[in-house]
Each structure stands twice: as C-alpha cells, then as structure tokens.
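Below, read A as the first sequence line, B as the second, and so on, with proteins coming before strands; counting in each chain starts at 1.
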Amino acid sequence: MKKLLQTLRELWRDPMGRISLIGILLIILMAIFAPQLSHFKPDKMVGMPKASLSAQFWFGTDNYGRDIFSRIVYGARVSLQVGLIAVGIGATAGYVLGLIAGYFEGWVDRVIMCLMDILFAFPSILLAILISTVLGRGLVPTMVAIGIVNIPVFARTVRASVISAKGLEYVENARSVGVKTWPILIRHISPNVVAPFTVQATLALSSAILTEASMSFLGLGIQPPASSWGSMLNEARTFMEQAPWMAIFPALFIIITILLFNIMGDSLRDVLDPKLKL
Amino acid sequence: MEHLLELRNLSIDLPRGKRQSPVKLVEGVDLTVRKKQNFGVVGESGCGKSITCSAIMGLLSYPLTVGAGSSIRFLKENGEELEITSLSPAELRKLRGKDISMIFQEPMTALDPMYTIEEQINETLRFHTSLSKPEMHEAALAMLKKVKIPRPEQILKDYPHHLSGGMLQRVMIAIALINNPRLLIADEPTTALDVTIQAQILDLMNELRESYDTSVIMITHDLGVIAETCEEVAVFYAGQVVEQASVEEIFRAAAHPYTAGLLKSVTSLGGEEKMLYTIQGAVPTAGNFGQGCRFADRCEYCESRCRESAPALTEISPGHLCRCWLHAPGKEAAQ
Amino acid sequence: MSEHAVLLDIQNLQTYFPITGGVFQKTVGHVHAVENVSFQIREQETFGLVGESGCGKSTTGRTLLRLIEPTAGEILFDGQDLRALSQDELRQKRRDMQLIFQNPYSSLNPRMSVRQLLEEPLQTHFSLSQKEMDEQVLWISQAVGIAPEQLSRYPHQFSGGQRQRISIARALITKPRFVVADEPVSALDVSIQAQILNLLLTLQKELKLSYLFISHDLNVVRHISNRIGVMYLGRIMEQGDTEAVYRNPLHPYTKALLSAIPKLDPLEEKSRIRLEGDVPSPADPPKGCPFHNRCANCMEVCRNVVPEERELEPGHFVSCHLYD
Amino acid sequence: MNVKKWISVSLAGVMLLGTLAGCGGPSSNATPAPQDSTAPVGSEAPAPVSGGTLRWGTDSEPTGFDPHTNSEEASLRVMNQLYETLVERNADMTIYGQLAESWEIPDETTYVFKLREGVKFHSGREMTADDVVYTFDRILGKTEAGDIGALGSKSSYYGGVTSVEALDTYTVQFTLDAPNAAFLGNLTSNYGAIVDKDVIAEKGDLMRADGGTGPFTLGEWLPDNYVTVSKFADYWEADRVSLDGITYYLIGDEAARLAALRTGDIDFASLSASNVSAAEKEANLKVLSYQTNEYIAVGCNLSTAALQDLRVRQAISYAMDRDTIINVVFSGQAAPCSMVPPAMGHWSLDVSDMDLYKTNVDKAKELMEAAGYSDSNRLSLTLAAGLMDSLRQAAVVLQQQLAEIYIDLEITNLESGEYVDIWGKMSTPEAGFDMMIVNDGAGTDPNRSISFFFGTGSGANVFGFSNERIDELCTLGIATTDEALREEYYNEAQLICIEDCTKICIASPMKYFVTSTSVEGFSPSAADSSNFRDAYLAQ
Amino acid sequence: MKNYILRRILQVVPVLIGISILIFAVMKMIPGDVISGILGVEATPELRAQLAAKYGLDRPYLVQYLDWIGGVLHGDFGESIRTSAPILPEILSRFKVTAELTILAAFISWIIAIPLGVLAAVKRNTLADRFVRVFALLGVSVPNFALSILLILVLSLAFSYFPPLGYVGFLEDPLRNLQIMILPAAILGVTISGSVMRMTRSSVLEVLRQDFIKTVRAKGASERVAIFRHALRNALIPIITLIGMQIGSLLGGAVIVEQIFSLPGLGQMTLTGINQRDYPVVQGCVLFIAFIYVLVNLLTDLLYAYIDPRISYD
C-alpha cells in the first residue's frame, strides 16, 4: 500500500502524470455519477432527432432523438468497464503464466511461450472478432475476447522481468541464506515484476478501449440499447453530414481517454523505472 | 606561460533545480603540468579527480558544468595559448584527439561494438588529418605495432568483442597517441585489468613516453601505480587538491594527514600488525562540506581552527604544496 | 600453526559448464571452470584463494556452498559430504555456512529495511519470538558497527562501506561456522577496505569462524589469510602457509604474480618478470600444465603431462614439473 | 535538416484534426469545386449522347452472378444487365414481351411463347427454343448438376410446371399441372433468366461466368473492389443502348459514397433517406426515388406461449406508432402498408384508416391487462434485428414504444452468418428469439405476397402462421385470371392477416438513387429498378 | 547460420500447427453454418445433408482437419464454399494488396517516428521532447477508423478530393496505385508510429549513456557524428525487434482500413469469410497471416546478425 501512495505522489510531481491523473479521475467520476450528471435516461427519445447542440441537449440529439450527452456519460461506464475487466482478465492470466514460465523455465517455459506465440500470431482485431463470434455478441463476450487478446502481452512482460530478476545478486543472496522458493518469489522477485507490469496494464487499458471501439465499428461490439462510445461512433457513421456532432463527441472522448491512459503509462514508466528518467 | 597545462581556481557545479544554488563538486583546483611530465592524480572514489580531468577536455556529462571563474590554459605545439573554458564547441573538437586525448577505465565498453578496430582508428585520423585510405591503414598498422599488439593485420579487421581487456586497452592507447598529442589523460587505465596485464600496460606506457614528447596525467586510486609511473602527484579529497609534490616527497614525507593516513593503511597491509591502520569515518558528501577543512572530522590532529575556516593550498617547501593548518607558514611540520 | 580440527575438506572438486550448439541445442563441449581442486580449511582459520579473473576462484566458492552444483568431487563439512544432502537438508545446512558478496550496491534488496534484511535469515532458520529476534538483530548490528536508529533505513541511504557491514551482519546473524567471502572489499576504497578487513578479523575471533577469502588483490589476501592457494585456469598451482608462499614462491606463475604487484617505493628498482600473452580460454584448456604457453622455463613434459601436487615443504604444495 | 520538415508536417496534421473537431460540422458552408459540365437545370432533356461509362458506388459486394441461385440485391444489380427473361414488367406492373415476341394461352394450363429471332447470347450463338427448355430443366433440377439449391425457385415460382417443349426453333410450350394466374408474372423474376448451356457446360456454373443475352456483358471482377460490365455489340436492341459500360465500385461506407458523389468520382449511388436531404443541396447532384415493393414488419414466433395470445399480438400493433418509426428510420419517406405494399398498385389495400393501424396505447394497455400483464408482471421478449440499418433503428424505436405496455424488449443485431439460419427457425423455440424484425420483398404478384408468406407450410412462412381460409383464398386466387375476382380474394386475405397480427407490417420505404446531373434516361421503379438500356451521360 | 535458421524453423512448426488447430476448432464452434447461408429458404433437411456431404462437412472433425492440413502442405488450401473458387490463388493476389499497404504504412511510420524519436532523445526534457511525446501518444490514441472517416469527409468537402477508385497493382500503374494507397497507408502509419517513436527515444537515450560515446567525443567527433554514426546504429537493434512486434498491429489495423477504403486485401477477405461462415477461406487466411507473422519475426532475427557483429549464429 505504501508503495502505491509513494508512486502516486511521484506521478503527481511529473506534470504529464498530473494531467493524466486528473483526467482519468474525472472520467471515472463521470462514469460513477452518470445518473446524476445526465439530464435524461440514455435510451429515452426525448427530443427532435438530429437536433444540434442546445442548452437543453449539450451535445445535441442522435437520429432517434436521444440526448447524446447522457449517452456519452453512460457510455463512459461501458467503455471503462470493458477496459478494466478485459485488462483484468488478461493481466491476471498473463501474470500467473508469466511468473510460472519465468521462474521454472525448462519445458514449462517452452510450452507456455509456445501457446503465447500462437495467440500473438493472430492480429488482435481478428482474434477478438473470432472469439466474440463464438461467444456471441454483447458486453461479457466482448470483455472476454479483449481479455484473451491481452494475455500474451502480459505473459511476456512478466516472464521477461522474472528472468531478469532471477539474475539479480540479492536474489542469489536470499538463496544463499536458505530462504524457500515461495518467499523468494513474493519478497524478492514480484516487486521487480510490478513496475513493468503496471506500465503494461495502463497501456493495455488504452488499447482495450481502442479494440472495443474498433469491434463496435465492425458491428460486433456492444448490443443496443446498451452503448459504448465505440457503438455510438458506429451508429453515427451514416449521419456524418447531417449530424456530425453524433460522431464528434464519442470520437473525442475515445481519443481523450486513450490519450490519458497512454500519458499515464508513459510517466508511470519513468516513475517506476528511474533508470530511464535521465 | 612555460607550462603545458595550467588549471586555476577550477570548480565544477551540479545544478539542483531552479531555487537552490548549484552544488560545487570540485572547488578551487590549481594544477600545473609541464611538458613531457608524468603527472599523477590520486584520490578515493567521489573525490572529483575524474570529472576534473574530463573538464580539461570539455567532456563534462549532462548536467555538470564548469563553474564561473575557472580557468584552464593549454599551450599548443605552435606556442599558441588557449583558454579551454571559453573555446567554442568547434574549436574544442579540433583540440580533442589531436592535442589532448584520453583513455578510460573500462576497455571492454570503451569501443563501439558495431565497427571494426580499423574503422575506429581511422575515425580519429579522419577528424584531424587528411590522409588517404592506404595511408591511414599504414599509420594504424604502425601504431598497433608500437603498442606491441600481436598479429596487427588480423586485429585491424576484428571487432572489439573479439579482443581481451588487455588488448583493447592497447588499442585505446594506440588511438589516443596516433595523432601524437601533447597531453594524454589516462582515467584509471588499469583498474579493471588483472595485475599481470596491468603490469604489461604500465610498462608499455613508460616505454612510449620516450618515443612521444607527450605529458601524461595518470588518474588512479592505487598508490602503487602512482609510485611506478609518476614524477609529480596531486592528492584529491572531497573535491579539493589537499597536497601536491614530487612522488618521492609524497611517499617519504607526506605532509597532509589524509595523505599520510592513506599511505599508512596501504603499507600496513604488508606489515605484521594484524589490525590495519584505518582513517575513521567516511568522506562527507557534496553540499554539506561546512566552511572548515573538509577532512576535519576524520583528522587525528584536528583543532578548533580547522573546523572554523578552510586552509588554503600553501607551499610548505619548494615544489611541495599542502592545504592544512598544521603546515600553515610559521608552524613546523607535524610528524 | 594452531592444530584446530579440519572443518572443511575438499577432494578433487570439478565444475564444468555445458556449451550448447547445433540445431537441437545438444552439449558440444564444456567450460572447465574448476579442475579437481583439493584443499582443507581448519576451524578458526582463513584460507585465501587468489588468482586473476576467470581463474575459477568465485566458482569454487559458490560450488562449495552448492549454489552452483559441482560436476564431481567431495565436499566434507565437519565430516559430512554436502553433496549427499537433499535440497531441503542443504537449505537447513546453510545456517552454518554463509556467503558475503562483492558488490554492496546490488547484493541487498533495495525494498527491504536493514531490520527486515537482518530478520530474514532468523525467520528462515529459527522460530523466535519478536523479542528474541530484536535482541539478535541488536547484538549483530552493534557487532558490525551499525547504530540502532539506522535499522529502519533502506540500503540506498548508506555508503558502500556501511552496506558491506550490513551484508556481513546478515551473513553472521545465524552464527555460522564457515563463511565464504567473495571479494568482500574489492569494490571499496582503500580507507574503507581497512575498516572492513579489521571487522572481519575481530568477528572471526569473537564467533570462532573459518573463512574462505577470495580476492585478486594479493596484498589484502596476504594480510588476512593463514594459508593461501594460487589458482590459474581452474587449478590450484600452489598452496601453503601465507608467509611461506609469499617469501619463497615455488610455482613460476606465483613468482610472476608477486613480482607484478606495484611496489610502494618509487625509488626501488623494478626487476619484473614479464608475462606475455593472455590467459587461454577455459572452454578448451591446453593439454598438460595450463600455464605452459606463458611459462618462461617451460619444458617438453609441461606441454602434455598435467603435473601432480607435491609437498616440497611441510604444508607447502606445488604442481609443477620443475620439481619432478 | 529533414527533422524540421517532419515537425511541420505532423503539426499540420494535428491542426487538421483540431480544426475539424472545433468547427462542429462542415456540412453546410463548404461549396464544392464547380463541376465542369453545368447541365442546364429545368430545360427539356438534352439529346442522348452515346459513349461513357456509368460509375456506380455500391454498398455491398456481390457473392456471384448465377441468376438461378443468387438473389441478394448486390448480385441482382449486375445480373439484370447480363440476363433477360421471356417476359418483363413495365413500371405500371403490366407485362410486355422481352425475349418472347408474343405469347398465347390456349387454355388455363398451357402457355405458348413465340421467341424473337436473331437474339444472340454473349457467346455469339443465337438463342433458340432449346435454350429455353435447357434453362427450365436446370431450374427444376433436371440437369446433371442436380438440384442447384436455387433460392425460392422450385416450390413457389415454377413448382407447377410439368413440361417445357420446343415446338419448333422459335416456339416453346409450357404446360402446368394446375391453373396459375401468377405464372406469367413469375417468369419476369430473375430466376426465369434464359441461360447459355455452352457456358455452363464449360464453367460448371454461372457464379463467375456470363451466359446471358442482356445489353451488357460481364467484364472484370476484382472481389471487394469493383465489377465492370461493357456494352454487348450485337445485342438485339443494340441501338437503344448508349452507355459503353457500367463500373460498380464498392464503397461500403455511406458517408464515403456521398463524398464520392460530391467530388464527381462516381455518377450513381443509392443512399439512405437521411443522407438524401444532404445530397439534394448539391448543385451537381439530383435524386431519383421510387416506392419499393418491400416492407419492414415484425413477426411473432408462435411457439412462444405469450405470443400465442391474439390480444398480446394486437396490443403490440396498437402500441406501435408507425409515424415515429417512419420519421426516425426513413426521415418520413415511407408509407404504412399491409403485406401487399402500395407499389403493387390496385392490389394493395388502403390501410390508412384501419383500426389496427391507428396508435391506441390505452387500448393496447387494456388488452395487455386483460391478458394478465401489469407493471408488476411485465412480459419480457427477445427480438432479433436483421442486417439492415433501417431494421436495427426500427427495433430501437419499437423497444421504446412497447415499454409503455409492460413489454421489455431485448434486442440482438444479427450478422449475415446467423441471420438466415435463425430466420428459417422462427416458428420453433430453437430460433432463440420470440420476435424478429424483417425486410421482405412482396414480389410483383399478390399471390407471391400472400401465399408465399402466409400459405401454410410455404417457403417464407417462417413464423408458423396457418389459416385454412387464407389457404382457400390463395388457391382460388391463383386459379382464376379474372383480375377483379382475384382482387376480391386477396383483399379478404389481407384483412384476415392484418387482424391476426402474427406478422405486423409496418411500412414500405422509398428507395433513393442519387445521381450526377449528367445522368439521363434512367427512371427506376419497383418493377424494374436497374434498367440502363435507355440511360446515357449528357456532356 | 544454417543451424540457427533450422532451429528457428523447428521452433516455428509447433506454433503453426497450434494455430491451425485453434482456428479449425474456433470455426467449428461458431454458431450458424455456411449451408443455411447458401440454401436460405429452401433449406429442407435432405437438401442440407446433400450439400454437407458435398463439402465433406459431415465427416468426423479429425478427418476434416487432417484432410485440410494435408492439402495445405501440398499448397492446396481447398475451395471457398460460397464462391467455389480456389483459395490459395485468391489469398496470394489479395496478399499483394495487404502487403503493399502494411509495408507502405510501416515505411511511413518509420520516416515519421525515427527522426522524431532521435530528436526527442537528443533534446531530452525540452519543449521538442515533450511535443514529440504528445504527438506519439496522439498518434496511438486516435482510432484509425475515426481518422479515416474524418479525412475522407474533410478532403471531399474542403478540397473536393476523393481517393481514386478501382484498385490497380503497383506494377500496372504505379502512379495511380500510389494515389490509391497513400491515404490508407498514411493513416495506418500514423497510428502505428507512436510506439516506434517511443522505442527510438528510449533506446537512443540508453545508448547515449554508454562509455563508447564518451570515447567518440574524446576523439574529437561532432555531436552529429556521435549521434547518427554511433548512437543510432546501436539503437537500431531494439527498433528492429519492434518491427517484428509491429506486424501484428499493422495487420490488425489493415483489416479496418481495408474495409473503409474497400481495398481488396486479406483482412477484408477474412472478415467476409467469417461473416459468411466460409470455413476453408477463414482457416486459409488466418494460417497465411500467421505464417507471414512468423516469417517476418525470423527475418528480423536474421537482420540482427547482419547489423550486430556480436551476434553470430553458430
């Protein structure tokens, strides 16, 4: 816990880090307090279809006459949820596989890495499409699909840092003192893994939101009436001329969220891995 | 100015953010090196000996900078005097590798792994001469023979990782001397080498001194290396020169308590006495030196005066400078 | 030479590292890091192992503790062959034999405070109450010269010398009987070296320890060891009482090594034995005596027959055909 | 130094992104570069000019060009240029002879066609009666290729044909097993296209080959990019055709199609109603529209218990506000209709003042409460939406409207792989859905629109609807050729189906073609929406 | 070197087999099947059985898999069920499009990313460094489909420009081909350039800290020589590893960009195959893409030896 606070404090000091922290906090708050923030229920037809920005509808209305601002606010929930849970699946599975492959090496390592190579050989979008076609569409299958796509990246990052940690002198020191395998893994090796792992997690979050948007763009992501920013952008495609605001706001929020996570990932890398700070 | 190199009041600053004033890692260093002289610079790690010499070549790495009021004067072969601190980067570049050159501590990582030995030697020639390719090949070959490298033809084609530490250091020396510079700065050249290889390199450097009228600044923490190779020695401690004298004077009659202490703990290694002589405490870190003598809290002879004001580097006997209140004028040297 | 009992008896120790090649990564050769090394270490005695880099002294040290598995040979610790122990038994045995590392900056876990670093060996080997552990930690930190208020600090807040003190405290807190010190002072400045060497000597008396002291610095080894072994390319060339070997070196390599040490007297005439060439690669060691290609008085027999060890003076062994 | 150059380029890129995001919609002000050919607006059509290739921006990729197996619109637009049928329909649905010069119907079950002479296949060989015989053998699966699995060909279109014989080189006689008033109309379908047996013999099937007699021959097909057809020199009405050829460019994204139209990169494209309003503002574009014979409808899976209750189905019809759906989905450009849409002229029943077509939420609620539902006991149903955007948007509006009458609708958008599979099972629980919103083509003959979709056990009656009176009316309707009598039967059938509400028809949309002003001589209609014989590019 | 290649190929074989098994299994698990796609309304049971037999879909899965893999090894990827056209020739012709797109995009991303990456490393912690890092992040954060639609719209409205229609091969008509490919390749390149830029910056920074840079400066080299002749050459290694990794995201991005610009590429073919449940087509495409991915990784490894003399493959 102390390590977390210390990292956050250091992140706060870096100007880029501060921007990303504030930004992401705002978006999370927006997602949590969606009902209070939005004036209307997201899928209620409350105004004239394709009405432009007005006092009543801050972001205008879509082709059904629904308030885009409320839908963006509720969409934040879906997009973040997809991002967090998908990365959660990918990260945990990746962490366990990476730790085992990295520590025990030998044929275990070869088998796990072979599986990871198999998943890696698929372009992420294709793999996500295939999995979501098998599992059917909707929120949960999309999350599982993006989660699976993220496993190899995490497995490789964790494995690389475990192998490099095993070579450190103080790990050999612990072995020479007679410490058992499990405490060595917990006390000496995993702290080294946490730094690159966290950086990878933030970057994976941004790519998860991007993948969900792309999948919705291909018509495979979230099913109506639930809507993520990606599906809103997809629906807005045909109305680019009459109601460009239907496309601009979801696109803007997708870009901003991904940008914020990327910036955070970058400054986290500098904070957690001082060697690069120079 | 008849000396080759004169350092006057040289200081090196480490900036500490906008609000605080920079920390002085090295302060008030005065050194003079004569032509064809082997000048020793000795001191423990972190005493500033290495960055002082990097400053001579204007090679201070980010974020260190030469402090105001520092002066480094250098006498070129054609008698022209240069103030290095005020040279433009282009003028500095003409100096480096031509009039002053440098060799480093870790030979294994001092050469670019992507280029052959010949390419890296030719690079120095290309910067400072207009030799044609075959002429450069001849010069490189001759130089490698001078530094006694076996099978020089083959070595030219090899890459750095093919060679051992000793071989690589010989190549570095070849590169440094190929434009027969006036001054060679050797930054702990043998520290990373085994003792038998170190002996070979030191012998080689002594031999080369005859055939090149190059002055050498030998930076090391090993007093044995100083004894073997240098004529005059400056002792660094916590960013200052605390003593400077001929090598015989230093080993026979060290004046400054720190120098004496160093010598005692090294010689006692060979002695019968089981417990070694040690200098208590540790070197103070830059930034909290206090105004008094920086060796005060580790010095056996420390007096109240030592803590209040910093002693100046004064000449206690011809050619023998010392920065210690014990040897201030009017006081006989303490034994 | 006090007649203490033999604590550690090493018989023909060998450690080879496989070199893989070809398509299926099968072993095509071996690096002969340690080539049948034999020596004894008595109670409360320091055995110095000296030699240039790549001669296998560090590997020997780690193989004794089975941090690296030996290929052949016996390691008798108090009469018990360590190679017979299972991993678990070996782990418990580590209580009696510890290792001090060379680089103080990388051998301590930066994320653990000094107290945690010292408590780890205790928690691993003994089940003590917190009070008993605090006592032990206090006792050992005083012994190595660390103030109690420094216990809660982290390694990066200490100088090189102080960190090495922490490293020593961590090794000695379980009151081992035998400690391998792998170049413990090489990374330190001269003045700090002296402090650590003194500390090792006082602790040896207090805790009745025996040391295997590994170093490339002949002066340091001479000062601290009772007996020394000179290693070259994985073999022990000469071993014996320290003063006997320094005053009357028998093996040509020892002679060359001793003459290469820079003297502290600038005026003394430097008569030096020049050693040409480089150490051959341990991947394919030369036939016969490994030193023959650099030896001034190399004979025909040296080129193809490995010299065996002979005891020319009581306790003073040498492996060289000059004394056949 | 090149690094500086790159900074300026990327800066420009960022600015471009920024300005667009800021200025909130580029639509109105930017005036496109003036087209060089300023066609006079409003003056009488300029004289037809031969030459030029029509560039058509299409929205989906054809799967193949075999008229007897492919029936999706993407393939039809190309096949209609390659193949011809014995008879064809005019815009007002009346029938005229195409490959057949004339025909008689000696009795109710025999039809004799007199073929045009000198009509050549694209292979150059002349078309004779034998080719017509071979064509219908192939459709009915009598050729060695066996049953080619033609979509809807056998049972509903030509099931009744017992024999096809060539009386002489240019006359063919068809005999049916029973009188079928719709037979002549069915011959106008693309399934009745006359094909060249040599091409089939050589290529195995017509998926990627051209065995037709039509005005254009198949040129190059680069899948997922473009298809070209070029003028058939010795077409039997060659003088009528002035275009050199047509190139179909695949531009999946509708906004991109509109952009391509605006910049003049394509001359012809179909757009959804919402984008048509933007196209109308462009000086160099004009809009052609026609009332299609398709309609969107929502079907109830009769294997779902709740939907077996007529009151629930009628409640759904009452709760449905067709005007909102038409406004939202078709920008107001569609007409409420029964299963016989208005495009079919006199056959179509006027539904405007029918009780079930008037939104009456209170009545719907009464029916639902009578059926035992209330706010505490709501009915949740699953609805599958087909592939088209219009269906998916209608589903969302419907969900909103049914929520008022205690029905919670859960929508799933199917994609092409699953759609046909689930559609086929919509009368069984295996379908996994209680309702489905579909887009159906009513065909050109009322028999097709009623019996094919509502006849017990017939091909497209997927929702499990069965009513003997309807079956009776269908057999009567097919048996007589007396138009007035048929109209009476089919009107009664429509009333019964509407009353039953198993398949609630919503509206029949308009179809829009947006073309460059230089495109002349093309007038699309429900009967014939891609006839380019008279089209030309005025310079 | 021969041994190394052989070993690498041996490592690759299990991966390719694994991929073929995975994609075969996935295709079997996908709901809905190709038969009902073809038959549509007329899907009577005996008709369905007849077609299933025709395409061998009624045989046990293992037999189907072995038959398919057997074919693939002899270069026969079977025929598409929907269009009954042989698959491999179509994959190869479409691969030319995707290959051209990805190579052009990769090339564009390097031209943008490497100079900017070096600039950011050399002028570290200055305004230029911060600007480059934000630009890199922006490049990565913009979804390529949003950027594509945006650009098509803006170009058509503001400059009345639309990318030329009708794909022509590079050999047939290079100018027109480049006109068609430049916009999609630029979009794909920009969205990929972010990660290359970051990698270049960190690896150049890493190299600038090495000892030999100080030696080069001590020899009198100018800053430009130190950076471009020495630092960049050493920094190339990690950048090359990124090429291997980049191919995955490039192919992924290509799937989307091909759809918007309707380029007849491999991604588009795979997508339509999935939609129409055309098993052999999807299996063939995915296996081919995986093969390309593995091949590129092998080539990047061999590129190491060519550039870094320290690596010698025994």
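- Of the atoms belonging to E:Ser148, not a single heavy atom falls under 4.5 Å from chain D.
- The backbone N or O of D:Thr263 lies less than 3.5 Å from no partner atom in the side chain of E:Ser160, so there is not a single donor-acceptor pair.
- Side-chain contact between E:Arg94 and D:Pro223 is present, with at least one heavy-atom pair separated by less than 4.5 Å.
- Here the straight-line distance linking atom CD1 of D:Ile251 with atom OG of E:Ser262 works out to 6.0 Å at 0.5 Å rounding.
- D:Arg55 does not touch chain E: none of its heavy atoms, backbone or side chain, sits under 4.5 Å away.
- For E:Gln259, no part sits under 4.5 Å from any heavy atom of chain D, backbone or side chain.
- Taking the side chain as every heavy atom from C-beta outward, E:Glu258 and D:Asp224 never approach each other to under 4.5 Å.
- Summarising the geometry, atom CD1 belonging to D:Ile266 is positioned 7.0 Å from atom CG belonging to E:Leu165; distances are rounded to the nearest 0.5 Å.
- Only the side chain of D:Leu222 has a heavy atom closer than 4.5 Å to any heavy atom of chain E.
- No other option in D:Asp253, D:Leu250, D:Leu258 has as many heavy-atom pairs under 4.5 Å with chain E as D:Leu250.
- Taking both residues in full, the closest heavy atoms of E:Gly166 and D:Tyr226 are given as CA-CD2, 3.7 Å, listed atom of the first, atom of the second, then distance.
- Distance alone, capped at 3.5 Å, is enough to place a donor-acceptor pair between the D:Asn225 side chain and the E:Tyr167 backbone.
- Distance check, rounded to the nearest 0.5 Å: CG of E:Leu153 to CZ of D:Arg262 gives 7.0 Å.
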